[in-house]
Enquirer: 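Starting off with a structure, shown below.
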Amino acid sequence: TDGISTTEEIDGFNLVVNALQLNDIKEIYGVVGIPITDLARLAQEKGIRFFGFRHETPAGQAAAISGFLNQWPGVCLTVSAPGFLNGMVALANATTNGFPMILISGSSDRAIVDLQKGDYEELDQMQAAKPFAKAAYRIERVEDIGIGIARAIRAAMSGRPGGVYLDLPAAVLPATMPADAGAASLIKVIDAAPALIPSPIAIQRALDVLAAAKRPLVILGKGGAYARIEDDIRAFLEETNIPFLPMSMAKGLVPDDHPLAASSARSLVLAQADVVMLVGARLNWLLGHGKPPQWAADSKLIQLDVDPVEFDSNRRVDAPVAGDLASSVAALRAGLATTPVTAPADWLGSIEAHKAKNTEKMAARLAANPSPMSFYSSIGAVSEVLAEHPDVILVSEGANTLDTGRNLISQSLPRHRVDSGTWGVMGIGMGFSIAAAATQNKPVVALEGDSAFGFSGMEIETICRYQLPVAVVVLNNGGIYRGDDVNRSGGTDPGPTLLSSSARYDKMIEAFGGKGYYVETPEEMRSALREAIASGKPALINAVIDAHVGTESGHIQKLNPTAAKK
Ligand code: ADP
Ligand code: MG
């Protein structure tokens, strides 16, 4: 050429959006502000759906659960320092649960931040993110945007999935480079979660342990739901007749009403199994660390996991199988041809008998119709309506609400229940609901304790603004745990566990244009929930339940230390 540049330029804003779109990112959840407002605008203009939230934590939770539901990273976008830190709660939760997620936050001027000269929202975000993220990266040059996004996707997706932090200093966004070089710098990630084939020796060892079992049990975890192993694991169970227990987010991987489901004999099977095979489930607090009194001390363990570091984390694992679950379960199934496995009939018989007894007890409990409603009668009504709508995605959090709902509500489809997860965290409700509604094209029901709802309740405005098909059910007993505590110190303030039981959460949603329901009986609950689901529109059912029902800390009272002096 004649030396006069005629090359078109492209800036960082456009490159970030192009890189995300090249990698099939279709939604962004976030809250705008300096320096990422125009990034969100541009993303929306180019066809990415931007969900603008009221707070970054629920936006991040939406991205996290989108990662779980879609097997592809969910993206959250925040401003610097405080916005970033709010998003970190969700990023840490994603990492803990093994959900692929990318938190992208704008950040302040590096030269000012690094010498702590005091910038607007100054924080060394990448360093702050590291202990809570699977990986943390910073893009410092416009020509590195493609690499930065590709590395974030790979880190989020490969091996055990997790949360990745991507730092975007403000200066990178308006920086420019030649458009053709910019386009060439972008990377479409190929095979983001490469198959990890288990070793044939490990598979044979696992089959040998299973074949010798007298009382085998399979525990299905949310790793299996994430890995989408529903067809093969169901076939494997049916071919071997091994009973199974699903962890809460693995419910529906094999239907809860399957004859081999042992949920209603949970204590019995955990205590009596002589071989337990963990399939994408960890031996953490949710499983009593695999130890007595819940478990038999001498049971043998088989564990299928993508992360070999997980083995022996709480107990010896006799047959570890490292590999991606789809490959591992397929290999186990194939191995049955030469190493047949059949669960003994007497084991299944004793489980059957126990299930029948417990089902009878539960039926009696559900037959009671107290006024005001209890957790059982209110959630029983919810479960009846949900049985009519197996395609509903159920979101749940709370203490007693979560625990009772997990027992009472059956799932027949995989990835149709998402909840407080590994941390037992509160505050996931509205964010999870928004992402489920946004990406699954199905009705969503959020079953919430009144306390749990409060952590993300303002997002019902977001639900109404986007007209999402979410029905929120708030079980209102006016308290964290129970609504009948007293102020034990004698002052005039309410006790620290008390909330307002007269709170009209149903009127909140009406203020934003949604439909509110106030219900006091199971009949009213059923009819309100039926109508709400059928409407496909935002709704909130404020269900008044007895302030005296529920137990402190729900089903995990043993984890709650209490003061010596009452
Ligand atoms: P739950 O709470 O349902 O028991 P956890 O989150 O404790 O489930 O455990 C899930 C396990 O699944 C984790 O250890 C994780 O490494 C594993 N996992 C996740 N995805 C895969 C996959 N694609 N293949 C194999 N293992 C996986
Ligand atoms: Mg409550």
Side-chain angles (χ1 to χ4, degrees), residues 256 362-412 416-417 419 429-430 433 437 442-454 457 460 463 468-479 481-483 499-510 514-550 554:
D256 279 329
M362 182 62 90
R365 203 160 187 183
L366 283 172
N369 189 7
S371 177
M373 290 189 286
S374 64
F375 281 105
Y376 278 87
S377 66
S378 57
I379 296 177
V382 169
S383 85
E384 283 174 51
V385 177
L386 291 182
E388 299 160 8
H389 296 276
D391 60 325
V392 161
I393 296 185
L394 177 67
V395 177
S396 193
E397 60 179 335
N400 293 279
T401 306
L402 181 80
D403 291 338
T404 312
R406 189 174 54 239
N407 292 342
L408 288 188
I409 301 172
S410 289
Q411 305 291 146
S412 54
H416 279 59
R417 179 192 163 96
D419 63 29
M430 298 305 103
S433 298
K442 295 194 168 179
V444 175
V445 170
L447 181 60
E448 304 271 315
D450 54 345
S451 154
F453 173 67
I460 57 172
I463 290 170
L468 298 171
V470 177
V472 182
V473 178
V474 179
L475 297 190
N476 187 352
N477 67 350
Y481 310 130
R482 299 166 58 127
L499 304 170
S500 165
S501 61
S502 60
R504 292 294 300 266
Y505 300 109
D506 48 315
K507 301 221 185 229
M508 263 176 87
I509 198 164
E510 285 176 354
K515 172 92 176 149
Y517 299 87
Y518 179 86
V519 305
E520 293 179 315
T521 65
E523 298 74 58
E524 288 169 4
M525 174 76 96
R526 281 189 290 268
S527 97
L529 188 54
R530 282 195 184 105
E531 188 178 303
I533 293 172
S535 78
K537 297 222 167 76
L540 190 150
I541 300 170
N542 179 14
V544 178
I545 63 169
D546 194 339
H548 308 293
V549 294

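The chain is numbered in sequence order, starting from 1.
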Enquirer: Applying the side-chain contact (heavy atoms from CB on, under 4.5 Å) test to Ile541, which of Val473, Val445, Val382, Val472 qualifies?
Expert: Val473

Enquirer: Provide the closest heavy-atom pair for Ile409 versus Ser383 in the form atom of the first, atom of the second, distance.
Expert: CG1-CB, 3.7 Å

Enquirer: Taking side chain to side chain contact (heavy atoms under 4.5 Å, CB included) as the test, write out the residues that go with Arg482, two or more places apart.
Expert: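 Here the qualifying residues are Asp484, His548.
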
Enquirer: Is the shortest side-chain heavy-atom distance between Val519 and Met373 below 4.5 Å?
Expert: yes

Enquirer: Do Met430 and Phe453 have side chains that approach each other closer than 4.5 Å (heavy atoms only, starting at C-beta)?
Expert: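 Yes, at least one pair of side-chain atoms sits under 4.5 Å.
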
Enquirer: Testing the basics here: between Pro372 and Ile545, what is the closest heavy-atom pair and its distance to 0.1 Å?
Expert: CB-C, 4.1 Å

Enquirer: So which atom in Tyr517 and which in Asp506 form the shortest heavy-atom distance, rounded to 0.1 Å?
Expert: O-CB, 3.3 Å

Enquirer: Among Ile460, Ile463, Val470, Leu468, which residue satisfies the side-chain contact (heavy atoms from CB on, under 4.5 Å) criterion with Pro538?
Expert: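 Only one of Ile460, Ile463, Val470, Leu468 forms a side-chain contact (heavy atoms from CB on, under 4.5 Å) with Pro538, namely Ile463.
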
Enquirer: Name all pairs fulfilling the side chain to side chain donor-acceptor pair (under 3.5 Å) condition that reach into residues 363-373, sequence neighbours left out, sorted by first residue then second.
Expert: Arg365-Tyr376

Enquirer: Run the numbers on Met525 and Leu475 for side chain to side chain contact (heavy atoms under 4.5 Å, CB included), then give the verdict.
Expert: CA-CA 11 Å; Met525 174 76 96; Leu475 297 190; 3.9 Å; yes

Enquirer: Any side-chain heavy-atom pair from Met508 and Leu540 closer than 4.5 angstrom?
Expert: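 No; the side chains remain at least 4.5 Å from each other.
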
Enquirer: Please give me the minimum heavy-atom distance between Ile533 and Pro443, naming the atom from each residue.
Expert: CG2-CB, 4.2 Å

Enquirer: Any salt bridge between Arg526 and Glu523, counting N to O under 4.0 Å?
Expert: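 Result for this pair is yes, salt bridge flagged.
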
Enquirer: Only counting residues at least two apart or in another chain, list the ones meeting salt bridge (Lys or Arg N to Asp or Glu O under 4.0 Å) with Asp391.
Expert: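 Listed in chain order: nothing, the list is empty.
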
Enquirer: For residues Leu408 and Leu366, report the shortest heavy-atom separation together with the two atoms involved.
Expert: CD1-CD2, 3.9 Å

